[in-house]
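Structure, as structure tokens:
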Amino acid sequence: VLSRVRAALARVGELFRARSRFAREQDEEFRFHIEMETGENVRRGMREPEARRAAVLRFGGRERFREETRDARGVVALDNLTRDTRLALRRIRRAPGFAAGVIATLGVGLGVAVGIGTIVYGVLLRDLPYDNPDRLMRVDFHTDGIPGQGQRQSPATYFHFATRARSFTGLGSYSTDAGFAITDGDAPERVTIARVTPNVLTLLGVRPLLGQLFEPGDTSQSSGRSPVLISQELWERRYGADRGVIGRRIAINRGDATVIGVLPRAFDFPAASVSVWFPQPTPLGSPGIIGRYITVIGRLREGVDVAAAAAELNALVPSLAERFPQITPEMLQQSAARISVESLKSATVAPVRPQLVLLGVLVGVVLLIATTNVVNLFLLRAGRASQEIAIALSLGASRVALAQRFVVEGIVLGLASAIVALPAAAIAVSTKFGFTEREIPRLHEVAFTSGTVAFLFGCAAVIGAGVGLIALRHTAMTGLFDRLRVSHATPSRAWRGAQTGLVGLQVAIALTLLVAAGLLGRSFWNLRNVDLGFEPASAMTAQVSLPWGPTGYSTYDQATAFHTMVMDRIAALPGVTGVAVVQHPPLTPGNEGQVDDGGNDGRPTVTATSDATSANYFRVMNIPLLHGRTFQPGDQGGVPTVVVSERLAARVFGTTDAVGRTLREPGRENVPEHSWRVIGVVGDVHGERIEDGHMPMMYFPLLHGGGRLADGVAGDEPRDVQYVIRGAPLPAASRLQRIVGELDPRVPVTDVRTLGSIVDAATARVRLTLLLIGVAAAAALLLGVIGVYSVMSYAAAGRVREFGIRLALGAEPRRVSRTVLGAGLRLVAVGTAAGLLIAMSATKLLRSLLYEVQPMSLGEYACATGVLIIATLVAAALPARRAARTDPAVVLRGD
Amino acid sequence: LAKPASNEQVLQGTLDLLILKTLSLAPMHGWGLTHRIEQLSQDALQVGQGSIYPALVRLEQRGWIDTDWRVTENSRRAKYYRLTPAGRRAFGHEVAAWQRFVSAVGLVLAAER
């Protein structure tokens with residue numbers, strides 16, 4: 001876009017330069033001519049000064065010569081531009097209502113379209129900010145039913161593909177961990193780290209701001225020192241942008257690390273929140289495919305396409321079983337293990353693509369509606385200005401000059417609209433409607449730049465020019481004589497039909513969007529008012545992370561003692577009514593596992609989410625205890641205990657009273673079998689996605705003896721725990737940090753959030769769609785109202801003589817206004833009928849976003865229709881009133 | 001200074017035709033063109049010197065003539081005009097149209113009653 005703007009500017013500059021060159025040549029030609037003529041006169045016997053005067057006289061004046069040649073050349077266009085702009089501004093001042101209507105309509109349309117369009121473009125379409133980004137691929141591993149995080153890979157599968165695949169110049173892997181703390185210096189700080197194989201950085205083509213990147217052999221040992229890269233942001237904030245940071249040792253989590261380089265701010269892989277990168281070695285790790293947690297990316301070799309690469313990797317899948325004894329051909333076959341290769345950009349934005357595509361279409365529609373309305377306003381005005389135009393034409397104004405006048409006026413109004421739209425678009429892009437890259441990937445890359453401004457003004461100018469041309473075409477369609485004879489426009493039947501059709505379509509679109517907004521609003525309302533199974537009001541969570549290891553906390557008892565002291569101090573704060581700890585607060589992702597009832601009656605295994613909590617968690621969260629009891633200190637010995645949710649009890653045991661039964665996780669691969677005794681059944685809570693309903697939950701004790709599901713699945717170290725605090729008032733984050741800091745200054749308190757904000761985050765997806773469709777619906781309604789107003793005014797203006805005659809013959813003004821209103825009503829009725837039909841099929845697309853609302857919900861349809869009909873009738877009432885007030889004397893005299 | 005009675009102003013619209021014809025004989029600069037036309041008409045036609053340049057620009061815009069700067073016999077720099085192939089074709093049409101016009105006018109004038 002920018003390059004095109006630059007090219008256009010260059011062309012204008014070229015025109016100016018050509019003009020001055022032409023003027024220079026003209027002068028030279030003029031001088032030549034006069035000299036030749038003078039010479040001729042002298043030869044005929046004249047004296048020098050007289051000969052020159054005669055030559056100039058015969059030529060007929062230099063100024064006229066300049067003007068006439070310039071006119072003939074058509075460069076007039078450029079010279080007239082300034083004049084036309086002045087004229088356009090004067091005409092706009094003369095019709096402030098018309099100008100305000102155009103600027104408001106186009107301003108709304110452009111603001112919405114460019115604001116949201118910039119976000120959609122930045123997330124969905126813009127290239128990733130890495131070297132040669134179209135060759136970057138994400139390589140996912142899919143299985144049916146083998147536990148692991150989504151479509152991630154295991155170190156074993158990564159190793160296998162990285163060493164065998166030929167379709168890629170390199171395959172790299174990464175994983176992130178938000179649970180790290182830097183504990184040197186004054187205040188401990190929690191950071192998100194990424195473990196990347198050294199080649200990830202070279203695959204992406206990042207160059208360090210300072211220092212160097214990882215060497216292929218770099219590894220991070222859990223005890224010894226590890227080379228790390230830090231972000232520019234961390235470097236500036238924590239280390240004061242000190243260039244001596246290279247080689248510095250920092251204390252992070254369990255050990256020391258040495259900073260070997262600083263990565264530039266623009267580098268945001270795998271996430272903008274990452275501030276420390278550790279080298280991920282490429283050994284086998286756990287040589288199986290359970291508990292996959294790393295993500296694999298690669299750069300396609302030149303000449304290899306995505307399908308060929310996927311085929312190659314899929315062909316390599318069976319050989320996993322030959323290479324790793326813990327993977328059997330049966331496992332691969334039964335789980336339909338397979339590989340997908342997708343461009344990194346597409347894989348990154350996949351979760352939000354449908355919403356953003358829908359959004360892109362919506363803003364396009366809004367802009368189209370706005371443009372249509374502006375055309376209508378222009379025609380309404382052109383009808384009134386038709387005499388002026390006719391006179392201009394009859395006085396010999398050329399069509400081109402007239403076209404230029406219309407186009408210039410359109411562009412001036414378009415640019416004025418762009419000025420109105422600019423702040424709206426800037427606010428939309430910079431606030432991003434309150435969303436962050438946690439909800440919408442790549443959102444942090446979206447920014448309001450000079451390119452956006454150029455695009456906005458470019459769009460505005462093009463639309464303005466187009467509207468001017470359409471208005472002119474219509475004006476030219478009706479003949480010159482008609483114009484001179486008739487006081488008001490009597491547009492062709494075809495045009496009026498098309499115009500009415502367009503407004504009808506707008507009404508239909510506005511109705512569709514209103515229905516969609518209504519359905520989403522209801523859905524959002526349902527989501528916000530669903531019984532989540534716990535009480536979100538006046539409660540907060542805060543994460544407390546202990547440094548774990550030889551220099552920090554190394555036993556379960558030490559950690560328990562620390563947390564117990566902190567909890568006691570928080571509980572003593574005024575207003576606080578309860579403090580509990582939990583590993584994953586509700587509505588955040590937890591660990592999943594497969595469990596059954598001990599295998600006695602052959603029920604299938606159930607996928608359940610596991611969590612670990614203190615005994616009082618259920619009381620603090622207001623989760624009802626239905627049967628049995630919660631944890632007690634005495635539970636440590638003997639058979640491990642578990643508290644399950646009602647749904648899990650029903651699914652696994654077929655009864656909600658499962659107290660005393662045995663819950664088992666069958667052994668798998670290298671994971672031994674585990675079983676627990678059910679001591680209590682509690683009420684259901686909603687899972688990470690509220691709309692998915694209740695999740696089967698199992699709760700293991702935290703701080704009451706180590707509960708464990710399987711290695712690395714349910715944490716057995718109370719290292720990172722979430723405090724859940726209920727009360728009013730709730731303590732401030734700084735208060736919590738002070739309490740923790742007094743006991744151990746190395747321990748950071750982070751992620752202090754209210755439960756309400758966690759609920760907000762969980763409903764973000766629906767909120768996004770609702771907000772955007774809401775904005776689009778409001779804009780469409782506003783534009784629809786302007787459309788109905790302009791087309792009704794237009795029609796009424798065309799019949800003004802008829803009204804004048806009727807009123808002069810004694811018709812009641814009410815009957816005249818009813819004529820106009822009736823026409824409006826017919827228009828709205830047709831639009832509404834069409835809108836209902838469109839809505840009925842379009843809202844089916846929303847089904848996946850709706851929660852406990854049917855797409856055909858009668859209430860929403862009725863409401864939307866009501867709002868639309870009232871708004872549009874108000875718009876039609878204004879011209880109707882004006883028609884009733886027609887002064888017969890004025891109209892009849894007008895002829 | 002009275003002009004000779006036979007010295008006619010060039011009719012509006014025929015100037016283009018005269019320019020095309022003259023340029024079809026040889027490329028020429030503007031001043032030369034005015035004098036050549038007068039000379040070819042044996043001084044019967046008077047070309048408005050100021051009006052020949054707008055006409056030249058118009059013809060150039062239409063793509064019928066082209067220009068370049070050359071040095072005259074007196075080693076002065078001057079802008080020369082010459083016919084393009086499109087101009088040569090257009091000239092043919094213009095001549096035919098002119099002749100139709102002249103004969104039509106002639107028919108009208110020759111009418112007896």
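Note on naming: letters A, B, ... go to the chains in the order of the sequence lines (proteins, then strands), and numbering restarts at 1 for each one.
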Heavy atoms of A:Phe32 and B:Arg77 approach each other most closely as CD1-O, 3.8 Å
When rounded to the nearest 0.5 Å, the distance separating OG1 of B:Thr67 from CD of A:Glu29 is 8.5 Å
Exercise. A:His33 vs B:Trp31 aromatic rings, parallel, tilted or perpendicular, using cut-offs 30° and 60°?
Worked result: perpendicular
Before giving the answer on side chain to side chain contact (heavy atoms under 4.5 Å, CB included), spell out for B:Arg76 and A:Met36 the whole-Å C-alpha distance, their side-chain angles and the decisive distance to 0.1 Å.
CA-CA 10 Å; B:Arg76 293 270 339 244; A:Met36 294 299 281; 5.7 Å; no
A:Glu35, part contacting chain B, at a heavy-atom distance under 4.5 Å: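 Just its side chain gets close to chain B.
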Check step by step if side chain to side chain contact (heavy atoms under 4.5 Å, CB included) holds for A:Glu25 and B:Trp69. CA-CA 10 Å; A:Glu25 290 187 357; B:Trp69 286 84; 3.4 Å; yes
